[in-house]
Amino acid sequence: MVGKLNLQECFVSFFNKIIVAIVQLMPKAIVGFFSKRYIAGETLDEAVKLVKSLNNKGIYATIDVLGESVGNKEEALDAKNKALQVLDTIHKYNLLANLSVKPTQMGLNIDEDFAFQQICELTQKAKEISNFIRIDMEDSPYTDLTFKLLKRLREKFDNTGVVIQAYLKRSYDDVLMLNKIGTNYRLCKGIYIEPPAIAYKGKQEIRNNYLKILATILKAGNYIGIATHDEYLIKAAKKMINDLNIQKDKFEFQMLLGVREDLRNKINSEGYKIRIYVPFGKDWYAYSVRRLKENPQIAGYVFKSLFMINR
Ligand code: FDA
């Protein structure tokens, strides 16, 4: 029996690896089919509907207009206008939500100063409505530029914060540096494929670095969004918060839409603040591919849907 199970597990794991390797080669329609759960929809109305349903359960949201690495300034301006519209809508409906933005969507890959001005405009607007802008962290060519952007923003605004990726070997030192200027963090493992020279690759070493960084941020008294679906990390974080006697207004848990809803409901029912990342928009492809690649059950879903199609 044990041998049989192991064989089955090996097969699923092998099949998983193959699917992960070929996700990018799949037709867009298939990627769209499997990734529906991760996206609120293509329109702001759909995102608002979803955020309202989360808010009704006491769950917060951070809204993301999908898109990254724009090709020119017109596209970046368009992205900024859509983000401004999101802020207006959050205000109009009194949503328990803030806004997440990707720096390359605002033009960081084209012109640093231009991107800074764009994000300034968003942060100013957010300030006027007592809201907050989270600057997502992208792949390592943008790490320094993103921190530079954040430092410039924090000179003018306190309603903005950045993301730290625990898989990057530099992150602990980055946090020591950022703690000095006082910032608001989201801590995640990191999603991009980075070379072993700069990134931890082992599951446990990433977890260890995550907890080391978490402890440093909590002890410094900075606000942190603990962004993970890893039960090991969530359990350790709760214990750390308890041991350090961290007040509730200093942290929240964060998760992605469509991932471990059982766990998110449990955290919510335990009385912790929890925020869900709610992406929407027409540019869903790159985000969906990343989510599919990290879904450990992807082989199972593909099998199941093939079975359903054949019935
Ligand atoms: P891990 O990947 O080990 O997942 C733990 C468990 O969660 C899995 O075993 C599985 O059960 C479930 N799970 C995880 N992903 C799933 C999926 N796609 N489908 C189904 N189940 C899944 N990254 C980044 O580089 N820059 C950023 O700005 C952000 N922003 C961000 C915001 C928020 C709110 C979250 C939660 C995450 C991010 N991330 C991110 C992504 C993050 O870096 C990481 O890739 C994912 O959160 C997955 O890592 P976990 O810590 O959940 O562990």
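Each ligand, and each atom within it, is numbered from 1 in the order the structure gives. From a predicted model like this one, the values you see are computed outputs, not experimental measurements.
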Open item on the list: Is the contact between Leu256 and ligand 1 made by the side chain, the backbone, both, or neither, using heavy atoms and a 4.0 Å cut-off?
Closed with: both
TODO: Provide the number and element of each atom of ligand 1 under 4.0 Å from a heavy atom of Gln254.
DONE: 34 (C), 36 (C)
Task: ILVMFWY network linking Leu257 to Val86, side-chain heavy atoms under 4.5 angstrom - done: yes
Open item on the list: I want to confirm something. Looking only at heavy atoms, which of Ser100, Cys188, Ala227 is nearest to atom 29 (C) of ligand 1?
Closed with: Cys188
Open item on the list: Only heavy atoms of Asp136, strictly under 4.0 Å: list the atoms of ligand 1 that pass.
Closed with: 28 (O)
- [ ] Heavy-atom contacts with Gln165 under 4.0 Å: which atoms of ligand 1 show up? List them by number with element.
- [x] 24 (C), 25 (O), 26 (N)
- [ ] With heavy atoms only and a cut-off of under 4.0 Å, state how Arg260 meets ligand 1: side chain, backbone, both or neither.
- [x] side chain
Open item on the list: With respect to Arg291, determine whether any N or O atom, backbone or side chain, lies less than 3.5 Å from an N or O atom of ligand 1.
Closed with: yes
Open item on the list: Please work out, at 4.0 Å between heavy atoms, whether the side chain, the backbone, both, or neither of Lys203 comes within that distance of ligand 1.
Closed with: neither
TODO: Check step by step if salt bridge (Lys or Arg N to Asp or Glu O under 4.0 Å) holds for Arg290 and Glu68.
DONE: CA-CA 13 Å; Arg290 287 200 291 273; Glu68 53 204 82; 3.0 Å; yes
Task: Those atoms of ligand 1 less than 4.0 Å from some heavy atom in Tyr38 - done: 17 (C), 18 (N), 19 (N), 20 (C)
- [ ] Decide whether an N or O pair under 3.5 Å exists between Glu294 and ligand 1.
- [x] yes
Open item on the list: With nothing but distance in play, are any N or O atoms of Met137 less than 3.5 Å from an N or O of ligand 1?
Closed with: yes
Open item on the list: Quick check against the 3.5 Å criterion: does Lys273 have a side-chain atom that pairs as donor or acceptor with the backbone of Gly58?
Closed with: no
Task: N or O contact, Thr228 vs ligand 1, cut-off under 3.5 Å - done: yes
- [ ] Using non-hydrogen atoms of the residue, decide whether Tyr210 is closer than 4.0 angstrom to ligand 1.
- [x] no
Open item on the list: Is it the case that the side chain of Ser35 and the backbone of Tyr38 share a donor-acceptor pair, with hydrogens and angles ignored and the cut-off at 3.5 Å?
Closed with: no
Open item on the list: Show me the pairs that pass salt bridge (charged side-chain N to carboxylate O under 4.0 Å, His left out) and involve residues 131-152, at least two apart or across chains.
Closed with: Lys102-Asp136, Glu112-Lys148, Asp113-Arg152, Asp136-Arg186, Asp144-Arg170
Task: Any N or O of Tyr277 closer than 3.5 Å to N or O of ligand 1 - done: no
Open item on the list: Please classify the Val259 to ligand 1 contact at 4.0 Å (heavy-atom distances, strictly less than): side chain, backbone, both or neither.
Closed with: side chain
Show the atom names and distances, to 0.1 Å, of all donor-acceptor pairs under 3.5 Å that link a side chain in residues 126-133 to residues at least two apart or in another chain.
unit_1 : atom_1 : unit_2 : atom_2 : d
Glu128 : OE2    : Gln124 : NE2    : 3.1
Asn131 : ND2    : Ala97  : O      : 2.9

Task: SB check Asp88 Lys125 (cutoff 4.0 Å) - done: yes
Task: Audit row: Glu261, Asn265, side chain to side chain donor-acceptor pair (under 3.5 Å) steps and yes/no - done: CA-CA 6 Å; Glu261 288 180 14; Asn265 292 337; 5.7 Å; no
Task: Heavy-atom side-chain contact between Glu46 and Phe280 under 4.5 Å - done: no
Open item on the list: Among Lys189, His229, Glu252, which one puts a heavy atom closest to atom 47 (O) of ligand 1?
Closed with: His229
TODO: State the atoms of ligand 1, each with its element, that fall below the 4.0 Å cut-off from a heavy-atom position in Arg186.
DONE: 28 (O), 30 (N), 31 (C), 32 (C)
- [ ] Using distance alone, with no hydrogens and no angle criterion, decide if Tyr210 and Asp230 have a side-chain donor and acceptor under 3.5 Å apart.
- [x] no
- [ ] Consider every N or O of Tyr192 and every N or O of ligand 1, then say whether any pair is closer than 3.5 Å.
- [x] no
Task: Lys169, NZ atom: more than 12 neighbouring heavy atoms under 6.0 Å - done: yes
